[in-house]
Structure formats: C-alpha cells, structure tokens
Number of protein chains: 2
Amino acid sequence: MRNRSCVMRLLRYKNALLKLKALNFVRVFSDNLADAAGVTSAQVRKDFSIFGITGNRRGGYQVGDLIENLSHILGKDKDYEFIVVGVGNIGKALMRYDGFEKSGIKISAGFDIDPTKYDPGAAVAVYDLSKLNEYVVKNKIRFGIIAVPEFAAQQAFEVMINSGIKGVLNFTPARLKGPEDCIINNINLETELESIIYFVNVADKTGGK
Amino acid sequence: MRNRSCVMRLLRYKNALLKLKALNFVRVFSDNLADAAGVTSAQVRKDFSIFGITGNRRGGYQVGDLIENLSHILGKDKDYEFIVVGVGNIGKALMRYDGFEKSGIKISAGFDIDPTKYDPGAAVAVYDLSKLNEYVVKNKIRFGIIAVPEFAAQQAFEVMINSGIKGVLNFTPARLKGPEDCIINNINLETELESIIYFVNVADKTGGK
DNA sequence: TAGATTGTTAATCGATTAACAATC
DNA sequence: TAGATTGTTAATCGATTAACAATC
C-alpha cells in the first residue's frame, strides 16, 4: 500500500540512489537498494511495482531514471517553502539548519507571539503570529512546522489551517484536531528518548551482564 | 507484542494519565484512554494485558496505580542522563530544551570536535570529543544523541559505543552499524518534511480542488 | 440483581516475504 | 543459449479489532 512506511522507504531509496549517482553508478539491482535501505529485495521490487516503476529483467534499474521516477512520485520536482511557528530552541534550530536546502526545502519565515523574538531583518525573518495569515496567503505557503509549547499547539495549528496550510510537522505531544484533508506528522522528542530507555533496560534484563 | 509501537502507545497513555491526575481524576476507563491516545479501547486493554496490567471489571483503572505501573514498566522510576554529540543547531537546541526534565531526562554534557564549541563552564558543559570516553565512563552514561553531520555519524557512534553507551537517538540519515544489543532510534527531519509534501500532493490530486 | 466494563480469544486486516514464471 | 534478475502472485507473519464470557 501507499502508506507512510512505504513512502518513507521510497525516500530512503532515493537518498541511497543520490549517493550512488555521486559515485558514478549507472545501474543498480534491487539487492543493492535493499542493503542500502535495510530492507529485503522483495520489498524494494514490491514498492516499485506499487508505484509502477519498472526496470530491466536481468539488467536491474538505471540509477538516473530511478531518481527521476522517484522524484516525480515524491513531488520533489519543485521547491517547497515551510514556515515555523514558535521560535524557541527547536524552532530556531530548524530555521538555521542548512541541511534542508539540498532536499529542495526552504524555511522561509518564523512566527512567534513573543515580541522579543521579532526580527524581520534576519536571514530567516521572524514575524508576529498575527502576521501569519497575511504572509501565508500572500506567499501561498502550504507547509508549516509547530514548535510552540504544548498548550499553544492547537491554537497555532488552527491559525495555520485557517490560512491555507495543508501539512504540518508537529513537535509537541498535543494530538492536533483538524480537517480530514490536512496532513499531520508528529515528532515527540521526549517519547523517542523514553523509548530508548525502555529498550535498553529490557536488553539489560534479558541479555547478558 | 512488546514492540516499538506498543511501547510508544504506553508512553502516550502515561502522558494522558499524568494530565488526568493533574485534574484530580481518580478512575479512568479504557475508552477514555483510547480517545486520549487516538486508538481503540480494545487496543488499550490488549496493551495492558501484554504487560500484565489489570484493572477492575466494571470499575476501570485507578489513575494513580496505572501511572505507577506504567512508570515501572517503562523504567522511569529513576532519572536518566543523556549526552549530545555534535553541538550544532540541533545539538544546541536539545541541550537548552527544558521539556525533558519533567520526564526525568537530563542532558548532562555536549561534545564536539570543533574547538570553538568548547564551553566547560556552560549550564550544559561542552567538551572536546576526545574527552567523551572519560566522561561517559566516569559518569556511567548509557544514553546519547547524535547530532553531527552525516559523514561523521558512524565514527561518533563508534566512540559512544566503545565508551559503554547502549542507546542512541540518531538525527542523521546514516544507517548506523553496531552491536546487536545497542538500541538505535532514528529521526530524519528531511524525510519527515518530504513525506508531508508527498501526502499533501496526493490529497491535492485525489481530494477536491 | 442488573448493568457495565474488563480480559482474552478468535477473526480480520494489512504488510512483508518467499517463490517462481517471465524475460532480458 | 544459459544465467540472472525482475515483476507478481500466493503464503506467511504479525498486529489490530471485534466479540463476548467473566465478573465487579
């Protein structure tokens, strides 16, 4: 199915392919991609088959064609702008992070309710939250990142949705409620760390030592 | 099964319960927890059953007991220290983030190879990467976060593992290779954003407008 | 007791994997 | 051609859900 895990795998294949291309590889087999992405070769071929990607029996896949196919499927043939709401530690880090560019992703502005955060002249400008609607409408922004404190998350989300944003990455533990057609991805840092603690503790008890 | 998704759900139940407790709730039903965590009530009861958590038929669960049970299972009856390797945008944000404390998680130091980053006097001290082993051994640190550039990830990981670290949260796209008994959680920010773009584009085509 | 909720089993659902015919 | 790899179907695996007897 074209579910989240499958799409995440396609993104991994694409990243692996870009590295192969940089090494001047021309052809690649499902086995190679499987190794690179940490899955089975059947999984790779199945994923491709779901999206109608074909190769050559016996000859594998052309690296260049495959990258083009995946980029098209993943909607990465043009650049995309994100805004950040909440210019605290995490928000600021994302605004300054330069690793998104190579994926065609640009963080174009930040918004906060705290006036001491305003900085319209910065490399990535920071505006008052009240300016969000105007900015998003004017620049046709469709994507955003929520990096506010949990209690402010739902409200921030609603401002974003009402302005026309269709997809958000939510760094708060809040379970956002909104229209069906809006895409929400959640990252919960506390939970990630806590789950590591759990599995290490389990390994301690069951494993040796 | 006691897999990652299941543990992540337990963590969500616990967070919901802590909020209920703050509101002076004494009892809770599987239905309530299901709503709070966005799952079915059968899932909640099944999860509890896997970990041997029982309630009262007809009477639901005692909020206090449940929190205690979950905290014990999740290994959160004591505090845990993490170190951060790579004091760039993300690393710094994590070191300054104050939301971990309430979960009993402390970021106790940062490490970097760039001498301009050293700051042994900071609230969270930053040391040379060469000091990592000594620090980790001395303070019996078992958990770490990798926030270096991708090319340095495997090396950073090996330094950590060799010092006795057992669980890491990896912010790079690198697929880390190490001992079986080491726990690795990956967060890939680019991929999270790219998957949002994909699903919004799909909704555009299939949905209205 | 009557009614409601748990705890658990069995059914369902979906995703992954194995296997192999097609074919380059 | 002979050999190797794809593309796809069927089998397997595991997780989620439905259902209901147990029971508070």
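All values below were derived from every heavy atom in this structure, side-chain atoms included, with hydrogens, water molecules and symmetry-related copies excluded. The chains referred to below are lettered A, B, ... by the order of the sequence lines, with proteins before strands, and numbering in each begins at 1. The model shown is predicted, which means the values in this text are computed figures rather than measured ones.
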Would you mind classifying the nucleic acid contact of [X] as base, sugar-phosphate or nothing, using non-hydrogen atoms under 4.0 angstrom?
X: B:Ser30; result: sugar-phosphate
X: A:Asn3; result: sugar-phosphate
X: B:Arg2; result: nothing
X: B:Tyr61; result: sugar-phosphate

Is a side-chain donor-acceptor pair under 3.5 Å present for [Y] with [X]?
X: B:Tyr13; Y: B:Asp47; result: yes
X: B:Tyr61; Y: B:Asn32; result: no
X: A:Asn139; Y: A:Ser108; result: no
X: B:Arg175; Y: B:Asn170; result: no

First encountered from the 5' end of DNA chain C, between B:Arg58 and B:Ser41: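 Comparing both residues, the 5'-ward one is B:Arg58.
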
5' priority, DNA chain C, between B:Gly59 and A:Gly59 [closest heavy atom]: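 So the residue in question is B:Gly59.
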
Contacts of type salt bridge (charged side-chain N to carboxylate O under 4.0 Å, His left out), residue A:Arg27, not counting sequence neighbours: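 Counting only residues at least two positions away or on another chain, A:Arg27 forms no salt bridge (charged side-chain N to carboxylate O under 4.0 Å, His left out).
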
Residue A:Ile113 excluded, over 12 heavy atoms near CD1 under 6.0 Å: no

Secondary structure string for DNA chain D (Watson-Crick or G-U under 3.5 angstrom, | for other-strand pairs): ..||||||||||||||||||||||

Start and end of the DNA chain D segment that chain B contacts, any atom under 4.0 Å from a heavy atom: D:dA15 to D:dC24

Heavy-atom side-chain proximity of A:Ile187 to B:Glu192 below 4.5 angstrom: yes

Closest-nucleotide ordering on DNA chain D, the 5'-leading residue of A:Ala42 and B:Thr40: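 Between the two, 5'-proximity favours A:Ala42.
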
B:Tyr97 ring center within less than 6.0 Å of B:Phe100 ring center: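 Close enough - the centres of the two rings lie under 6.0 Å apart.
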
